[in-house]
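Taking it in order: structure first as structure tokens, then the write-up.
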Amino acid sequence: MFDILKTRIQQKHRTIRWPDGPAPDLPARFAGRPVVRSGACAAGCRICANACPVGAITAGGASGPGIDTGKCLFCRACESACPYGAICFGKEYRLAATRREDLVVGAGSPDPAGALCERAAKLFGRSLKLRQVSAGGCNACEADSNVLGTLAWDMGRFGIQFVASPRHADGLLITGPVTRNMHLALRKTYEAVPDPKVVIAVGACAIAGGPYADHPEQHNGAASVVPVDLYVPGCPPHPLTILDALLRFLGRV
Amino acid sequence: MATDAPVMVRNAQAVDSSAVPALSVDRFRQVVTEEVAGGARLSALLVLAPPRVPRRLLAVIARPLVGNLGLLACDVGDSYPSLTPSCPAAHWFEREIAEQSGVRPEGHPWLKPIRFVAGGPADVGVMDFFRMEGEEIHEVAVGPVHAGVIEPGHFRFQCQGETVHHLEISLGYQHRGVERAMAGGATPRARHYMETLAGDTTVGHMTAYCRAMEALSDARPPARAEALRAIAAELERIANHLGDLGAMAGDVGFLPTMSYCGRIRGDALNLTALLCGNRFGRGMVVVGGVGYDVDAALEDEILVRLDGIEKDAAGAIELMFDTPSVLSRFEGTGIVPEELARRIGMVGLAARASGLPCDVRHEFPYGLYQFTQMPVCTWQSGDCFARAYVRWLEIRQSIVFIREHMRSLPGGPMRQEPRPSQGGRIVASLSEGWRGEICHVALTDADGRLAAYKVVDPSFHNWFGLACALRDQQISDFPLCNKSFNLSYCGHDL
């Protein structure tokens, strides 16, 4: 008992102060929201689009390229390939959006995209219980969602919690591209959540299939199976990105 | 003699495919069985992708006593006599072979699908599970959607009261077609497939993949890259071990260590993010070297933060190991005896906790591990305590390793331009991920394109070990036993 108390004192208080205080430091090499510069591209240039392994980029004309952050793996291949400096990945961690089309980032896109859901804010603003369904993910999105329950992030502060059964949940947090073998299980889990409910797709796989997009073994994301209310881009998204997404979705920040 | 014995190669040494001898089926079975009985491991057993006729069975045998790998093959028709009765370590491989290629290992004791690939005879999870009969017998079915934030899999327990007599594990829910997509030429997604085989083992799998590609193209990454790869791999080990220790504490209701380790694991992931911007090491290991270099300031920052992690981890973890209520749940729970672990071909951390001194870094050293001695941490009891304690021993070894090598990084470039692969070659590349032995096998066609790519995650060897660990245990100890292995579903399902 004495040792437990002693260790408790040594471990200190470690919960982040954000959103009331400053956000935790992100590493210098962190790849956040891409920033697109208009007027930099040469006519007809497709270098960035060709460099992208998942076809997330529409090569642009004078306005510059458009990057679909729902598909993007944040691998920086376009940034390194572009000879004109038209794309660079910044440190903006606020990536989520409620509308799929708002995930496309071009020059002059609103920063950040809107993630507030009035319905969710009214219903679940003070308490949101989520059932997580992993449907073909690599366990990185799962890990960085799970980490929000640790004392460093402590999403319980906001009344947000992962629960063990869909029957106890207000919604689903889905990761993975939805494999053929998880299709039925996801459908059934969704149906087991009582109405009204919300669905949150976390990570490139759950939004658009990620690196597995167009494989016949999967379904290119959660929206092909259930209606999605919030999209959280990243491969995987940083925990701060996911927490920011949940809080803006509920109108808490 | 050339057609009578395996060709011997070093870890990640490419040879001409024609150098791999095609033995008779009987001789192939005899060599594999004798080698494995004599202390070697079956690292891979596969049928080369159709349309090749006759189909060719290929085995990779890791021989730790001499530090080399044996490659051997044999041609088979629609069926061949199963290896499993004489070499139980082959059982999961042969189930995979039957499912992927349709070649039937005759005499296999339980030939069921392991991934339920498209076009197979059954829907996922629908199979002939072992059943016990009797008045007090009941069956518990769990998954694919679990109570925690974890990956999907299905577990069937045959119970009498609280006691589990048998656990059968049915996977395949994460199958997304990675091996199929890798074969057939260069895809710009190759790196991303390999980084997400198991998202918590990005560095481990990328090391095996990159070494295979470099061997096929006769390239050698610069010494500085080898050192940074090893440091990234040890950071990955530290982070995952810390997380697992915290989760195991949580499963026995010891909340202080659970809370602290959950946070300290994040600190370790953040060190990897300092290296490459991503907490899981994406983009750190690339073909030809590493994607990011470090300077003196970054070295200092990582080492200072590592000191903090070591101090906090020691406090949190030693507290757990000093708590009698934790030890009483860990000790004697989920035992896998050494002989059983050997027979079923377990690898890595779980095997070391059963007393098997197997560690690719030590037995088949690669990269920086060729020039440094990595102690192999083992424990004899094979229970949850052993799997927890070996993790703590390894965390400390990894910290020592990083401290030593971060300060003495070789100079020179961090990356060499990738070169095209040579045609008609084969390579088997082993690395030690935090769960254990990772084996990648790559074959090129005459033009140097990948004709086949095979991935064996350590979980592939160890899932059956978890099933064995549950025998005669209380069903309420399943979460603890499961977490003590913490195997990968996606790494298995591919």
- Query: Measuring heavy-atom distances to chain A, does B/R279 have an atom under 4.5 Å in its side chain, in its backbone, in both, or in neither?
  - Reply: side chain
- Item | Non-hydrogen side-chain atoms of A/Q11 and B/I264 separated by less than 4.5 Å | yes
- Message: Which atoms of B/R115 are under 4.5 Å from chain A, going by heavy atoms: the side chain, the backbone, both sets, or neither?
- Response: backbone
- Message: If we define contacts as heavy-atom pairs under 4.5 Å, which of B/G262, B/G177, B/G315, B/P188 has the most with chain A?
- Response: B/G177
- Most contact-rich option vs chain A, by heavy-atom pairs under 4.5 angstrom, among B/T323, B/T202, B/L275, is B/L275
- Message: So for A/S134, is it side chain, backbone, both, or neither that comes closer than 4.5 Å to the heavy atoms of chain B?
- Response: both
- Query: Do B/K311 and A/Q10 come close enough that some side-chain heavy atom pair is under 4.5 Å?
  - Reply: no
- Item | Contacting moiety of A/P236, where chain B heavy atoms sit under 4.5 Å | both
- Query: Would you say A/R180 and B/R176 make side-chain contact, with heavy atoms under 4.5 Å?
  - Reply: no
- Task: Write down the atom of A/R131, the atom of B/G148, and the distance for their closest heavy-atom approach.
- Result: NH2-O, 3.1 Å
- Task: Give, as side chain, backbone, both or neither, the part of B/Y173 having an atom under 4.5 angstrom from any heavy atom of chain A.
- Result: both
- Item | Portion of A/L73 that has a non-hydrogen atom of chain B nearer than 4.5 angstrom | side chain
- Considering residues at least two apart in sequence or located in another chain, which fulfil the ring pair (Phe, Tyr, Trp, His ring centres under 6.0 Å) criterion with B/F155? B/H146, B/F478
- Under the ring pair (Phe, Tyr, Trp, His ring centres under 6.0 Å) test, which residues partner B/H192, sequence neighbours left out? none
- Is any side-chain heavy atom of A/V147 less than 4.5 Å from a side-chain heavy atom of B/R265? yes
- Against chain A, label B/A316 side chain, backbone, both or neither, depending on which of its atoms sit under 4.5 Å from a heavy atom there. both
- Message: Please classify the contact between B/A273 and chain A as side chain, backbone, both or neither, with a heavy-atom cut-off of under 4.5 Å.
- Response: both
- Message: How close do B/V124 and A/N181 get, counting heavy atoms only, and between which atoms?
- Response: CG1-O, 3.4 Å
- Message: At a heavy-atom distance under 4.5 Å, which candidate from B/S259, B/G283, B/A198, B/G266 has the highest pair count against chain A?
- Response: B/S259
- Test item: B/P144 and A/K188 side chains (from C-beta on) under 4.5 Å apart, heavy atoms: no
- Do you know the tightest heavy-atom contact between A/V54 and B/R189? CG1-NE, 4.0 Å
- Message: Applying salt bridge (charged side-chain N to carboxylate O under 4.0 Å, His left out) to A/R14 and B/D312, what does each step give before you reach the verdict?
- Response: CA-CA 12 Å; A/R14 303 287 192 145; B/D312 288 351; 3.0 Å; yes
- Item | Whether A/R29 side chain and B/N278 backbone form a donor-acceptor pair below 3.5 Å | no
- Message: With a 4.5 Å cut-off on side-chain heavy atoms, are A/I4 and B/F254 touching?
- Response: yes
- chain B heavy atoms under 4.5 Å from A/C235: which part of the residue, side chain, backbone, both or neither? both
- Can you tell which part of B/L298 gets under 4.5 Å to a heavy atom of chain A, answering side chain, backbone, both or neither? side chain
- Item | Note, B/P256 side chain near A/R8 side chain (heavy atom, < 4.5 Å) | no
- Message: With side-chain contact (heavy atoms from CB on, under 4.5 Å) as the criterion, how do B/R180 and A/H215 come out once you've worked through the C-alpha distance, each side chain's angles and the decisive distance to 0.1 Å?
- Response: CA-CA 10 Å; B/R180 176 193 54 70; A/H215 282 205; 3.6 Å; yes
- What part of A/A213 is in contact with chain B, defined as an atom under 4.5 angstrom from a non-hydrogen atom: side chain, backbone, both or neither? both
- Message: Give me the atom names and distance for the closest heavy-atom approach of B/Y260 to A/T7.
- Response: CE1-CG2, 3.8 Å
- When you check the side-chain N and O atoms of B/T196 and A/Y212, is any donor under 3.5 Å from an acceptor? yes
- Task: State the CG-CE distance between A/L151 and B/M258, to the nearest 0.5 angstrom.
- Result: 8.5 Å
- Say you draw a straight line from NZ of A/K12 to CZ of B/R263; how long is it, rounded to the nearest 0.5 Å? 8.5 Å
- Scan residues 154-186 of chain A for pairs that pass ring-ring contact (aromatic ring centres under 6.0 Å, His included), counting only residues two or more places apart or in two chains. A/H183-A/H219
- How about residues 135-145 of chain A versus chain B: which residues have heavy atoms under 4.5 Å apart? A/A135, A/G136, A/G137, A/C138, A/N139, A/A140, A/E142, A/A143, A/D144
